[in-house]
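Here is the structure we will look at.
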Amino acid sequence: MTETYDAIIIGAGVIGTPIAYELSKMGYKTLTVDKLPDAGEGSTSGSCAIVRAHYSTEDGVAMAYEGFKYWLDWENYLDHVKDEKGLAKYMNTGSLLIKSQGHDWQVVQKHYDAVGVKYEEWDNDTIKEKIPVADLHEHWPVRRPEDPKFFDESDKMIEGGIFCPEGGYVNDPALSAHNIMRAAEAKGATFKFNAEVVDVRTENGKVKGITLKDGTQYDAGIVVNVGGPHSAKVNQLAEGVFEGCNIKTKALRHEVMYCPSPEGYDYLNDGYHMSDGDVGCYARPEAGNLFLIGSEDPECDTRNWVDPDDFYAGRGGHGNDNVLTEEQWKAQCYRWAKRVPSLQVPNQPKGVVDLYDCSDDWIPIYDKSDLPGFYMAIGTSGNQYKNAPVVGRMMAELIDACEKGLDHDKDPFQFTYKYTGRSMNVGFFSRKREINYNSSFSVNG
Ligand SMILES: Cc1cc2nc3c(=O)[nH]c(=O)nc-3n(C[C@H](O)[C@H](O)[C@H](O)COP(=O)(O)OP(=O)(O)OC[C@H]3O[C@@H](n4cnc5c(N)ncnc54)[C@H](O)[C@@H]3O)c2cc1C
């Protein structure tokens, strides 16, 4: 007998698990399948899990601000479920956006005002007082160490920053997905692991179910692609879905470095998340009093598009996909050392490598598809961890509305945020949209 569900979710990452959770709370019988051994083991496990509100679009800012409220209310969100692995922790460090030519901070500030995000303007003296290890010279444009001008001295200063007291990071992103899985199970959801989907079956032009690599079939009239960096491959398993997307997705390799904090500076307890377009990097505290340093994708950094099957070949056995490249490690650490000259850059590169599921405009696709019953929450472009609980709720309501007859392409679903009460036109995330040129085309969304 083929097991039958109301909805099948492909992918148990931090985006897939909340969709399963919210659909289950609405009474849907859900099955979530993942080819890896546990929840959150895909690209979610490599996430920096930074929670900050600055995005290039007002909708982006509004969603991130809503997301922040869920992390603050984590135990309530999970309905006080127990997880044998413990609960992920949200660390509210605050978040500093450096005013620089590398960031459209004036636009962000305008969006903060429109959305009601709390912030303070910090001048350079305030930044120095709050972050004594910071050097505030301006280094624009962003360069790489191989550039002969990289080590040129600067006599100009940056112009301060915008500080949001509400912002920080989650200490264990894989664990947060696991927590949501346990919460979903408590509402009746089923999860199956080591289960790779190789086909999305259809009947009479509608979704019928999935087939796994070992031949097992599960039936459901709803299938949701939450395959992360494999999203384009999963779309290609379903008739007409890939072709029906005006915005496409592909996998981008991204490296994140760890450097010990300067001696005498307790970055872990006293530091902030920082986004610094002047040196093309972001940083947040990491356990062990480390700076975790990522690239903000400045023009000088090469974009390394990869086949996710090649990259993840070792995952599960934890293979060789976590090897940092010397050039990128140097580029990010040396750039950050311009902002924090006493940074301790180790001899041996240490860090994390993982894949962004990048859309053409670095804004996600949260949508139905051209195949009735098939939905997508993809293209998270290195910047949607923080929004995961919001996305879960929004996708569940979108799916429910479409299944009840809404033509979302013609009459886009309007979603109301739980905490801020703001209304969101979900058509903003449509697969049919033209490229949104208001985007930063970077991790900043
Ligand atoms: C290095 C890095 C840093 C980041 N930093 C931040 C940050 O600071 N803040 C922020 O907001 N966001 C950040 N992000 C982005 C964020 O982490 C992602 O948007 C989010 O984790 C994506 O979750 P997901 O569930 O879509 O994907 P994943 O976690 O990759 O889950 C997809 C799952 O689908 C499964 N799957 C795929 N194909 C199949 C198949 N055929 N059959 C069965 N299962 C399948 C995979 O095994 C995987 O487990 C970062 C991302 C990376 C890579």
Side-chain angles (χ1 to χ4, degrees), residues 2-45 47 77-79 81 83-85 88 173-201 207-214 216-231 233-235 237-238 312 315-316 357 366 369 373-378 380 384-385 388-400 403:
T2 306
E3 282 177 37
T4 302
Y5 294 85
D6 297 326
I8 294 172
I9 294 113
I10 305 174
V14 78
I15 305 288
T17 48
I19 298 175
Y21 182 34
E22 298 291 347
L23 281 172
S24 302
K25 284 201 274 184
M26 290 164 79
Y28 284 78
K29 185 182 171 200
T30 68
L31 167 68
T32 305
V33 288
D34 199 299
K35 59 183 174 180
L36 292 173
D38 206 347
E41 296 280 307
S43 67
T44 294
S45 67
S47 184
Y77 168 65
L78 300 173
D79 203 11
V81 80
D83 185 328
E84 71 287 359
K85 291 189 174 181
L175 180 59
S176 64
H178 197 271
N179 292 163
I180 306 172
M181 172 175 73
R182 288 288 180 251
E185 285 170 335
K187 304 293 174 205
T190 303
F191 287 77
K192 292 189 195 272
F193 290 98
N194 302 307
E196 179 173 351
V197 179
V198 293
D199 190 27
V200 176
R201 287 173 290 112
V207 160
K208 173 88 165 79
I210 57 163
T211 306
L212 302 184
K213 200 173 180 178
D214 67 4
T216 310
Q217 298 195 341
Y218 298 109
D219 283 354
I222 299 169
V223 170
V224 194
N225 174 5
V226 205
H230 282 91
S231 65
K233 294 199 178 212
V234 174
N235 274 352
L237 301 177
Y312 286 122
R315 189 150 299 188
D357 174 34
Y366 297 136
S369 73
F374 191 90
Y375 298 84
M376 297 170 274
I378 61 174
T380 57
Q384 293 291 303
Y385 174 85
V390 191
V391 174
R393 204 177 166 103
M394 185 177 81
M395 283 300 298
E397 288 193 20
L398 171 70
I399 292 167
D400 191 57
E403 292 299 310

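We're numbering straight along the sequence, starting at 1. Both backbone and side-chain heavy atoms feed into the values below; hydrogens, waters and symmetry mates do not. This is a predicted model, so every value here is computed, not measured.
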Smallest heavy-atom separation, Pro173 atom then Ser47 atom, equals CG-O, 3.5 Å

Which value, rounded to the nearest 0.5 Å, describes the distance between Ser24 atom OG and Ile9 atom CD1? 6.5 Å

Nearest heavy-atom pair of Ala39 and Met181: which atoms, and what distance? CB-SD, 3.9 Å

Rounded distance (nearest 0.5 Å) linking atom OG1 of Thr2 with atom OH of Tyr218: 10.0 Å

Taking atom CG of Leu31 and atom CD of Glu3, what is their separation to the nearest 0.5 Å? 7.5 Å

Thr380, Asn225, Ile10 screened by side-chain contact (heavy atoms from CB on, under 4.5 Å) with Ser231, the one that passes: Asn225

Taking side chain as C-beta onward, heavy atoms only, is Phe374 less than 4.5 Å from Asn235? yes

List the atom of Phe193, the atom of Ala12, and the distance in Å for their closest heavy-atom pair. CE2-CB, 3.8 Å

Quick one: does Val207's side chain get under 4.5 Å of Ile8's, heavy atoms only? no

CG-NZ distance between Asp6 and Lys29, expressed to the nearest 0.5 angstrom: 7.5 Å

Are Val197 and Val234 side-chain neighbours, meaning at least one heavy-atom pair lies under 4.5 Å? no

Would Lys187 and Asp79 satisfy salt bridge (charged side-chain N to carboxylate O under 4.0 Å, His left out), going step by step from the backbone distance to the final call? CA-CA 10 Å; Lys187 304 293 174 205; Asp79 203 11; 2.6 Å; yes

Which pair of non-hydrogen atoms, one from Val14 and one from Ser176, has the smallest distance, and what is that distance? CG2-OG, 3.9 Å

Side chains of Val391 and Pro18, heavy atoms from C-beta outward: is any pair under 4.5 Å? no

Should Lys85 and Arg182 count as side-chain neighbours, where that means a heavy-atom distance under 4.5 Å? no

Any non-hydrogen side-chain atom of Asp219 less than 4.5 Å from a side-chain atom of Arg201? yes

What is the minimum heavy-atom distance between Ala186 and Val81, and which atoms define it? CB-CG2, 4.0 Å

Between atom OG1 of Thr30 and atom CD of Glu185, what is the distance when rounded to the nearest 0.5 Å? 9.5 Å

Return yes if some donor-acceptor pair links the side-chain N/O of Thr44 with the main-chain N/O of Gly13 below 3.5 Å, else return no. no

Testing the 3.5 Å rule here: is there a donor-acceptor pair between the side chains of Glu41 and Tyr312? no

Any side-chain heavy atom of His230 within less than 4.5 Å of one from Glu196? no

Distance in Å, Thr32 OG1 paired with Leu23 CG, rounded so as to fall on 0.5 Å steps: 8.5 Å

Regarding Gln384 and Tyr366, is there a side-chain donor-to-acceptor distance under 3.5 Å anywhere? yes

Ignoring hydrogens, what is the shortest heavy-atom contact between Leu237 and Asp199? Give both atom names and the distance. O-OD1, 3.7 Å

pair Ile222-Glu403: side-chain heavy atoms closer than 4.5 Å: yes

